[in-house]
Amino acid sequence: CDVDGVPEGTVVFPQEPLLRVKGPMVQAQLVETALLNFINFETLIATKAARVCLAAEGDRVIEFGLRRAQGRDGGLSASRAAYVGGCVATSNVLAGQRFGIPVAGTHAHSWVMSFDTELEAFRAYAQALPGNCIFLVDTYNTIEGVRNAVKVGHELRRRGHELAGVRLDSGDLAWLSIQTRRILDEAGFPKASIVASNDLDEAIITSLKQQGARIDTWGVGTKLVTGYDQPALGGVYKLSAIRESGGKWIRKMKFSEQSAKLTNPGILNVRRFASGGEFVGDAIYDEALGIGRSVRIIDPTEPARSKTFRGKIEATSSDLLRPIFRKGELVYDPPALAATREHAKRQLSMLHSGIKRLVHPHQYPAGLEQKLHTVRSRLVRRNVS
């Protein structure tokens, strides 16, 4: 088979082909389930991670979700995808080993509970890891836990080390973080970080920031690795063209009484246009029909919505699909995962801020190139008649 795909970490939009498989019908059909399984889940989690990181407004976000992930393999895939989407580290040590993702975390409540007192537990932890002491302070009483962390912080300083921070895992995180920041600052630890966890997502992080929370790092778990509010991505794998050996391509299209389930026919690709350092629109086009110097795109779900790109578009546009396999041989050199993460970051930076709003975002212009829209409309009318 020949396989073309959008490079991992690229921003994509509804209706756009992420992968194109061209080859014998049986072989192309056999890979359907595997491809959908790989691409849908990791795309969903990377997207969720990007939303969480946008809400964090530059603060560190750590993926904390392994214990709630959908099994061991789901946990590994989620850690990898979350890193691509913007998380700076994971608590999943195996993902760190396998993919080279930075690993971060704190001790557990069980550590504190296994000692007679919280102070004794903190001192033992500081003895074991003096250069990386982030104390989990809410096992018994959060404010007292912060004060105990300060006591051990002074003991660390006398031994030539610094208190790295504290972690809040329950309660009113906004109020507790403000009180914690005051205690740390007054005790002489203005650089000590405040880490928060406890069923966080982009909506809760946004709310906490609006309340003035003094949180530096966000540990996001369950609602990230499970895609909590949208647990599945509806990517599909459909036949769009077929031909006999040496013959012409015949465009194929799936019809439905639901307009959202109509597919796009042809040998599809996506031409992306940029202007002034921003992405300004995408044209989904049929390579057999070609694409002109002046390009008009039409929204397939709302034909009244259209946009035209004119001028020297060759210098400000590029096609998203890149060769991955040719006749079953790999021709693509996958970048390192850290480079993929940076690519995703650059891609997001080229979207207008209105498109990245979490509530009522502006709709990015992505539609069918006019010739493809005409062919699709003709097939629809023929099917209806």
Side-chain angles (χ1 to χ4, degrees), residues 1-7 10 12-36 38-40 234-273 281-301 303 306-309 313-314 317-332 366-385:
C1 290
D2 291 347
V3 180
D4 297 79
V6 177
T10 302
V12 291
F13 296 91
Q15 300 281 336
E16 296 181 345
L18 309 188
L19 204 70
R20 188 180 69 202
V21 179
K22 187 189 298 183
M25 186 74 165
V26 171
Q27 294 180 25
Q29 196 69 58
L30 281 172
V31 298
E32 174 180 5
T33 299
L35 290 177
L36 287 175
F38 299 151
I39 293 172
N40 280 349
V236 297
Y237 185 80
K238 298 296 181 186
L239 180 69
S240 62
I242 193 169
R243 70 176 177 182
E244 299 293 335
S245 179
K248 290 199 322 182
W249 284 102
I250 301 170
R251 296 177 181 87
K252 295 291 182 176
M253 180 178 175
K254 179 193 177 298
F255 297 91
S256 172
E257 293 179 353
Q258 297 174 255
S259 60
K261 287 205 166 187
L262 270 66
T263 62
N264 298 317
I267 313 299
L268 302 177
N269 206 330
V270 181
R271 179 73 52 89
R272 174 160 291 169
F273 301 94
D282 292 357
I284 304 167
Y285 73 98
D286 183 342
E287 289 185 351
L289 296 172
I291 190 166
R293 293 177 60 85
S294 178
V295 179
R296 180 171 177 244
I297 61 172
I298 301 166
D299 188 327
T301 59
S306 67
K307 185 178 179 71
T308 302
F309 303 99
I313 58 174
E314 293 89 347
S317 65
S318 60
D319 286 351
L320 296 192
L321 293 180
R322 310 288 171 80
I324 309 295
F325 286 88
R326 285 295 177 264
K327 299 187 184 305
E329 297 294 328
L330 181 66
V331 297
Y332 179 73
L368 303 183
E369 184 271 337
Q370 188 164 13
K371 291 192 291 293
L372 175 59
H373 183 267
T374 299
V375 169
R376 185 179 189 264
S377 298
R378 188 186 305 138
L379 289 173
V380 170
R381 288 194 299 270
R382 184 185 303 166
N383 182 71
V384 170
S385 62

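One is the number of the first residue; the rest follow in order along the sequence.
- What you find for Phe325 and Cys1 is that their closest heavy atoms are CB-O, 4.0 Å.
- One finds the CZ atom of Arg272 at 7.5 Å from the OG atom of Ser318 (value rounded to the nearest 0.5 Å).
- Within the 4.5 Å cutoff, the side chain of Glu287 has heavy atoms near those of the Arg20 side chain.
- A heavy-atom distance below 4.5 Å is found between the side chains of Gln370 and Ile298.
- Contact annotation: the side chain of Ser240 never approaches that of Lys252 to less than 4.5 Å [non-hydrogen atoms, C-beta and beyond].
- The backbone N or O of Gly266 sits nowhere less than 3.5 Å from a side-chain atom of Asp286 that would complete a donor-acceptor pair.
- For the pair Pro265 and Leu379, the minimum side-chain heavy-atom distance is below 4.5 Å.
- One N or O on the side chain of Glu16 and one on the backbone of Phe13 form a donor-acceptor pair closer than 3.5 Å.
- Put simply, CG on Leu268 and CG on Leu19 are 12.5 Å apart, with the number rounded to the nearest 0.5 Å.
- Across every non-hydrogen atom of Pro17 and Val270, the tightest pair is CD-CG2, 3.5 Å.
- Closest of all the heavy-atom pairs between Met253 and Leu262 is CE-CD2, 3.7 Å.
- Between Arg326 and Asp4 there is a salt bridge, since at least one side-chain N of the basic residue sits less than 4.0 Å from a carboxylate O of the acidic one.
- Here Glu369 does not pair with Arg376 in a salt bridge; the nearest charged N to carboxylate O distance is not below 4.0 Å.
- Under a 3.5 Å cut-off, the side chain of Ser377 and the backbone N or O of His373 do form a donor-acceptor pair.
- Distance CG/Asn264 to NZ/Lys254: 12.5 Å, rounded to 0.5 Å.
- For the pair Asp319 (side chain) and Leu321 (backbone), a donor-acceptor distance under 3.5 Å is absent.
- Between Lys371 and Thr374, the closest side-chain pair of non-hydrogen atoms is not below 4.5 Å.
- You'll find the side chain of Val331 stays beyond 4.5 Å of the side chain of Ile324, heavy atoms only.
- For the atom pair CG (Leu368) and OG (Ser306), the distance works out to 12.0 Å, reported to the nearest 0.5 Å.
- The CD atom of Glu32 lies 7.0 Å from the OH atom of Tyr237; values are rounded to the nearest 0.5 Å.
- Residue Tyr285 holds its OH atom at 14.0 Å from CD1 of Ile297, rounded to the nearest 0.5 Å.
- Heavy atoms from other residues, nucleotides or ligands lying under 6.0 Å from CZ of Phe38 number 12 at most.
- Closest approach of Pro300 and Gly367 over heavy atoms only: CD-CA, 4.2 Å.
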